[in-house]
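Working notes, structure below.
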Amino acid sequence: MRRSTRQVLGNFGSKRVGQCYKSGVTTHFSYKNYSSRAPPTRPEIKVLYNQETDFDHSSPSTKSPYVTQLAFISQREILPAYRVMNTNGDILIPESDPGLPKEECVRMYTTMVRLSIMDEILNEAQRQGRISFYMTSSGEEATHIGSAAALQPDDVVYAQYREAGVLMYRGFTFEDFMNQCFGNELDPGKGRQMPVHYGSAKLNFHTISSPLATQIPQAAGAGYFLKLENKGRCCICYFGEGAASEGDFHAALNMAATLSTPTIFFCRNNGYAISTPSHEQYAGDGIAARGPAYGIHTLRLDGNDIWAVYNGVKAARKIAVEQGKPVLIEAMTYRIGHHSTSDDSKTYRRGEDIDEWKKKNSPIERLRRYLGRKEWWSEGEEKELRERTRKEVVETLKSAGKVALPHRDGMWSDVYDEMSDLLKEEQRELEEHIAKYPDHYNTTGGH
């Protein structure tokens, strides 16, 4: 008798869906860890062996039973996306509302607004030539603030380059952001990094690196250290779905799973890896579908729903800290802005699509409606917040632009405990060059 593909695959069968955004939405919260499940029942496939004569032990690499039916598995069921609050700001199931106090909810909302205003002004500053580069977080603010609020201040953060809100929520000031973007002498990085490559030892936020996905295996290693430290801390690592195409992603998840490290891998699936849409990046069901293959607890959620993000990361932290296991979270969101100031996204996507996401699925507007229903926020407070924040950002921008650049000696310091002979030679050659051509360099204050 000829069986259909669905009959042969049993519980693993699934229709193919090309776009990750076609996954369903659910209010039921559960992590998927298929590696710990018993194999699905397949009545049409019999496991046949003679207990007396057959060597029935499976391979040391797996617990699979032996079967006589040849059947390929192409794809499992599409994973749903967890949601607490709909696009209108309504809580779908009352028990899912985290029930945070008014002060915390208002803090989360105002941080999202302040981040969006800073993004807007610094993006324009780059267009004016005042800073060299910038990347906004427009449309993804809930992934920052929802996750940051669910973590503890001493949890370690490895970010990509679109998590400024995590730093802002932890206390990074407008002055800190501006000094880094200008690369002036007040920048803790001494002007060595590109703009938006922030870092703060005080806030347990590792400095961002430009090379894609390098932070993912670093986070797996940091998680292993935190496991050995045994002080109830975890590590969270942010990255986009494009970075998940790098080999570092797979090495990191395998390392974290086999070593049982308290690491949360947080993927922002915003639909585009620069100009490459998600359906051209992978043929499977997004990034979350890869977690169970590594034996990792996995959750997909609505990344524009701040309460889904909060609940998901809070539960992931509990698993990481109490069970010492890694967790993979895929937050489904949308990048409203360009990839960076070096990109024009309207060359590869329709402006109408961007406008529709702005209008119908703004994470900021969703939380504002939630606060409004509780009578925790008013139009007057909204106007005052935006006017005050815009003024503060503009004034800080002007001040940071007037601060002197770092001393040029900073190019050689902090590399080794003692400068090597090679670095000393490079420094000497530069000084000789500047002395030979003084009219070509502004060396006021040694800059």
Side-chain angles (χ1 to χ4, degrees), residues 23 26 28-37 76 79-84 96 98 142-144 146-152 154-160 163 166 204 213 215-227 229-241 243-244 248-269 285-303 305-333:
S23 61
T26 179
H28 176 65
F29 186 94
S30 65
Y31 282 94
K32 303 295 183 183
N33 189 356
Y34 293 98
S35 66
S36 62
R37 289 185 178 184
R76 293 174 175 172
L79 298 179
Y82 170 65
R83 172 181 281 181
V84 174
S96 297
T143 64
H144 302 208
S147 59
L151 297 169
Q152 293 300 312
D154 58 351
D155 289 334
V156 178
V157 177
Y158 282 84
Q160 190 159 325
E163 284 81 31
V166 178
N204 293 300
Q215 78 277 14
I216 309 179
Q218 293 168 2
Y224 187 65
F225 165 79
L226 296 177
K227 174 183 178 180
E229 181 188 55
N230 195 28
K231 292 184 178 179
R233 298 199 293 163
C234 74
C235 176
I236 188 168
C237 178
Y238 296 91
F239 54 94
E241 85 286 349
D248 282 349
F249 166 83
H250 298 278
L253 263 66
N254 194 48
M255 176 182 176
T258 55
L259 295 178
S260 295
T261 73
T263 307
I264 302 171
F265 297 98
F266 190 101
C267 175
R268 295 175 291 92
N269 193 331
D285 180 25
I287 309 305
R290 306 174 190 178
Y294 286 106
I296 293 180
H297 287 79
T298 299
L299 174 69
R300 172 178 286 159
L301 52 77
D302 180 355
D305 175 359
I306 193 168
W307 300 133
V309 176
Y310 176 86
N311 286 351
V313 174
K314 185 176 181 180
R317 186 183 187 280
K318 184 179 179 66
I319 293 173
V321 172
E322 295 184 4
Q323 300 181 31
K325 294 181 178 180
V327 178
L328 172 63
I329 293 177
E330 182 181 22
M332 313 307 288
T333 182

Tell me, do [X] and [Y] make a side-chain contact under 4.5 Å, heavy atoms counted?
X: K231; Y: L226; result: no
X: I264; Y: I329; result: yes
X: L301; Y: V309; result: yes
X: F225; Y: T261; result: no
X: F249; Y: R290; result: yes
X: T263; Y: C234; result: no
X: V313; Y: F266; result: yes

Check whether [X] reaches the backbone of [Y] with its side chain - one donor and one acceptor, N or O, closer than 3.5 Å.
X: E330; Y: L299; answer: no
X: K227; Y: L259; answer: yes
X: D305; Y: V84; answer: yes
X: N311; Y: S96; answer: yes

To check you understand the geometry: which heavy-atom pair defines the closest contact between [X] and [Y], and what is its length?
X: Q160; Y: F239; value: OE1-CA, 2.9 Å
X: A222; Y: C235; value: CB-SG, 4.2 Å
X: A244; Y: I287; value: CB-CD1, 3.6 Å
X: T298; Y: A288; value: CG2-O, 3.1 Å
X: C267; Y: G240; value: SG-C, 3.9 Å
X: I296; Y: A257; value: CG1-CB, 3.8 Å

Discussion item. According to ring-ring contact (aromatic ring centres under 6.0 Å, His included), who are the partners of Y310, at least two apart in sequence or on a separate chain?
Written reply: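 Y310 satisfies ring-ring contact (aromatic ring centres under 6.0 Å, His included) with no other residue.
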Fill in: side-chain contact (heavy atoms from CB on, under 4.5 Å) assessment of V166 paired with Y238
CA-CA 10 Å; V166 178; Y238 296 91; 3.6 Å; yes
Worksheet item: Looking just at side-chain N and O atoms, do H250 and Y294 make a donor-acceptor pair shorter than 3.5 Å?
Response: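 On atom types as modelled, these side chains qualify, holding a pair under 3.5 Å.
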Worksheet item: Looking only at side chains, do Y224 and S260 share a donor and an acceptor under 3.5 Å apart?
Response: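 Distance-only check fails for Y224 and S260.
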Discussion item. Please determine whether side-chain contact (heavy atoms from CB on, under 4.5 Å) holds for the pair N204 and D155, giving the CA-CA distance in whole Å, both sets of side-chain angles, and the decisive distance to 0.1 Å.
Written reply: CA-CA 7 Å; N204 293 300; D155 289 334; over 6 Å; no
Starting at [atom1] of [X], measure out to [atom2] of [Y] and round the result to the nearest 0.5 Å.
X: I216; Y: F265; atom1: CD1; atom2: CZ; answer: 7.5 Å
X: L253; Y: D248; atom1: CG; atom2: CG; answer: 11.5 Å
X: I306; Y: H144; atom1: CD1; atom2: NE2; answer: 11.0 Å

Fill in: Under-4.0 Å salt bridge between E163 and R268
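Yes.
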Discussion item. So that I can tick it off, tell me whether R300 and D285 are bridged by a salt bridge, with the cut-off set at under 4.0 angstrom between side-chain N and carboxylate O.
Written reply: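 Looking at R300 together with D285, the answer is yes, because their closest N to O distance falls below 4.0 Å.
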Item to complete: Report the C-alpha separation of D302 and Y82 in whole Å, then their side-chain angles, then the decisive distance to 0.1 Å, and conclude whether the side-chain contact (heavy atoms from CB on, under 4.5 Å) test is met.
Response: CA-CA 6 Å; D302 180 355; Y82 170 65; over 6 Å; no
Practice prompt. List the steps and the verdict of side-chain contact (heavy atoms from CB on, under 4.5 Å) for R233 and V321.
Written response: CA-CA 6 Å; R233 298 199 293 163; V321 172; over 6 Å; no
